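To start, the structure itself, in structure tokens.
All values derive from a computational prediction rather than experimental measurement. The sequence lines fix the lettering, A, B, ..., with proteins before strands; numbering per chain opens at 1.
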Protein chains: 2
Amino acid sequence: MANATTTQELQASILAAAKEEFAREGLKGARLQRIADAANVPKATLLYHFKSKTKLYQAVLETILSSWDQGFENLTPQSDPKVFFNQLIHAKVQAALLDPVASKLFAMEIMQGAPHLSNHLQQKVKPWFRQQVLVIEQWMLEGRLRSTDPARLIFLIWAATQHYADFQTQVLSLMNRQEFDQALADETSEFLASFLLHGLDL
Amino acid sequence: MANATTTQELQASILAAAKEEFAREGLKGARLQRIADAANVPKATLLYHFKSKTKLYQAVLETILSSWDQGFENLTPQSDPKVFFNQLIHAKVQAALLDPVASKLFAMEIMQGAPHLSNHLQQKVKPWFRQQVLVIEQWMLEGRLRSTDPARLIFLIWAATQHYADFQTQVLSLMNRQEFDQALADETSEFLASFLLHGLDL
DNA sequence: GTCTATACCCGGATAGAC
DNA sequence: GTCTATCCGGGTATAGAC
């Protein structure tokens with residue numbers, strides 16, 4: 001971890017180190033000492049910038065979520081269904097490649113009941129989800145794709161793409177690969193897009 | 001938790017309590033005292049039966065894995081592809097309904113790099129997986145279903161079904177439901193079977 | 001085999017000098 | 001804002017009576 005010159009850079013390097021530690025060890029298992037060492041700062045300095053371990057954890061989650069919000073905001077449903085699903089699948093697989101650790105941390109938080117981001121789920125994810133369901137329903141009424149359950153269709157796309165980030169260890173082991181590189185990501189999004197669009201008669 | 005009369009029943013109730021605690025809090029976050037309280041035994045008794053916290057955790061994982069091995073062993077690939085995929089999807093959704101906690105615990109372990117079950121992955125999951133891939137490839141060569149990547153097809157089915165166990169909190173919230181009951185499970189496996197079989201031209 | 005009491009350690013948080 | 005030294009609570013594991 002590079003030395004930070006400004007306060008912002010310092011906090012960014014602490015957040016990066018914390019993300020890795022929290023994902024690898026869980027909230028309770030994470031050690032402030034290891035995070036501090038990885039970011040090259042004394043433990044007390046870390047606690048000066050982020051009041052407590054819990055606050056640091058929440059800051060990590062917020063950083064991840066805001067970066068995702070940016071990445072998905074230009075996915076408008078105004079376009080063609082085919083283009084929309086292609087973009088969505090490609091963006092999610094790309095996110096799994098670029099930052100699997102973020103996806104894992106988010107997943108672990110949800111699995112434990114999402115105690116630290118129930119607000120975000122209610123206020124951000126739920127409205128986005130309802131919006132998508134309405135648009136897809138409309139497309140189905142217009143006969144532009146095969147009629148199925150729109151909500152479960154979205155779950156299917158989420159699950160299929162996130163799997164490559166969250167279960168990367170298992171996926172790589174079963175495919176006899178060492179790392180999740182760009183070529184593997186391209187093959188994966190091509191497979192998923194082709195299979196899911198075929199299932200939608202697109 | 002009911003009082004145990006035999007040693008086996010005692011250990012089973014400890015394992016059940018431990019599964020809940022480990023899934024909710026993670027390995028490091030789990031507290032032996034809470035597990036002991038939930039199982040109605042003193043903490044020292046728990047440590048007498050299972051040497052250490054880590055050993056208890058591994059015992060929980062082994063119990064889950066052996067119950068899964070039993071549940072899936074009669075899914076032979078000798079039958080019709082349609083019947084096979086129908087059975088597989090139904091069995092996995094049913095497992096998600098019956099014991100979502102087990103699925104979550106397994107998922108968390110994989111996400112953290114599977115340090116306590118890399119042996120099981122290599123010796124049990126990998127052979128099973130290779131076998132399934134071969135059978136599906138054969139079916140595809142015979143033209144009995146649409147040709148795609150067999151490995152990623154299996155990942156897709158795993159991801160799609162496990163999602164309802166691992167992300168149950170999020171799924172229920174977005175569907176405005178309180179609990180994952182049998183009706184919801186039936187609708188879900190029907191959706192998944194219909195969608196995936198359609199995507200395979202079955 | 002079961003339980004009470006306790007040893008021992010580790011980690012989050014703070015005090016206070018610089 | 002940064003860092004050293006330290007406090008203190010809590011949790012695993014064990015010792016030893018029954």
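- One can place CG of B/Leu46 at 15 Å from P of D/dG11, the figure rounded to the nearest angstrom.
- To the nearest angstrom, P of C/dC3 lies 10 Å from CD1 of B/Ile14.
- Listed pair A/Tyr48 / D/dG1 meets the phosphate criterion, a side-chain N or O lying under 4.0 Å from OP1 or OP2.
- Per the geometry, OH belonging to B/Tyr57 stands 15 Å off P belonging to D/dT12, to the nearest Å.
- To the nearest angstrom, P of D/dG1 lies 12 Å from CZ of A/Phe50.
- Between A/Tyr164 and B/Phe155, the ring planes lie perpendicular to each other; the angle is over 60°, past the 30° to 60° tilted range.
- Summarising the geometry, the separation between CD on A/Gln8 and P on D/dG1 is reported as 12 Å, rounded to the nearest angstrom.
- When rounded to the nearest whole Å, the span between CG of B/Leu10 and C1' of C/dC3 equals 13 Å.
- Ring centroids of A/Phe84 and A/Trp139 are separated by less than 6.0 Å, placing the two rings close together.
- Distances shorter than 4.0 Å separate none of the side-chain N or O atoms of B/Thr45 from OP1 or OP2 on C/dT2.
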Can you give me every donor-acceptor pair (side chain of residues 14-23 of chain B, partner residue at least two apart or in another chain, under 3.5 Å) with its distance?
{"from": "B/Lys19", "atom 1": "NZ", "to": "B/Asp99", "atom 2": "OD2", "distance (Å)": "2.7"}
{"from": "B/Glu21", "atom 1": "OE1", "to": "B/Arg24", "atom 2": "NH2", "distance (Å)": "2.9"}
{"from": "B/Glu21", "atom 1": "OE1", "to": "B/Arg34", "atom 2": "NE", "distance (Å)": "3.3"}
{"from": "B/Glu21", "atom 1": "OE2", "to": "B/Arg31", "atom 2": "N", "distance (Å)": "3.0"}
{"from": "B/Glu21", "atom 1": "OE2", "to": "B/Arg34", "atom 2": "NE", "distance (Å)": "2.8"}
{"from": "B/Glu21", "atom 1": "OE2", "to": "B/Arg34", "atom 2": "NH2", "distance (Å)": "2.9"}

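- A/Gln168 and A/Glu179 share no donor-acceptor pair across their side chains, judged by distance under 3.5 Å alone.
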Would you tabulate the side-chain donor-acceptor contacts of residues 49-58 of chain A under 3.5 Å, counting partners in other chains and residues two or more places apart, or write 'none'?
{"from": "A/His49", "atom 1": "ND1", "to": "A/Gln11", "atom 2": "NE2", "distance (Å)": "3.1"}
{"from": "A/Ser52", "atom 1": "OG", "to": "A/Lys55", "atom 2": "N", "distance (Å)": "3.3"}
{"from": "A/Lys53", "atom 1": "NZ", "to": "A/Leu27", "atom 2": "O", "distance (Å)": "3.0"}
{"from": "A/Lys53", "atom 1": "NZ", "to": "A/Lys28", "atom 2": "O", "distance (Å)": "3.3"}
{"from": "A/Lys53", "atom 1": "NZ", "to": "A/Ala30", "atom 2": "O", "distance (Å)": "2.9"}
{"from": "A/Tyr57", "atom 1": "OH", "to": "A/Glu109", "atom 2": "OE1", "distance (Å)": "2.6"}

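- For an aromatic pair to be called close, the ring centres must be under 6.0 Å apart, and A/Trp68 with A/Phe106 satisfies this.
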Next on the checklist: Across nucleotides 11-18 of chain C, 5' to 3', mark each nucleotide with B, S or - according to how protein heavy atoms within less than 4.0 Å reach it.
Outcome noted: SBBB----
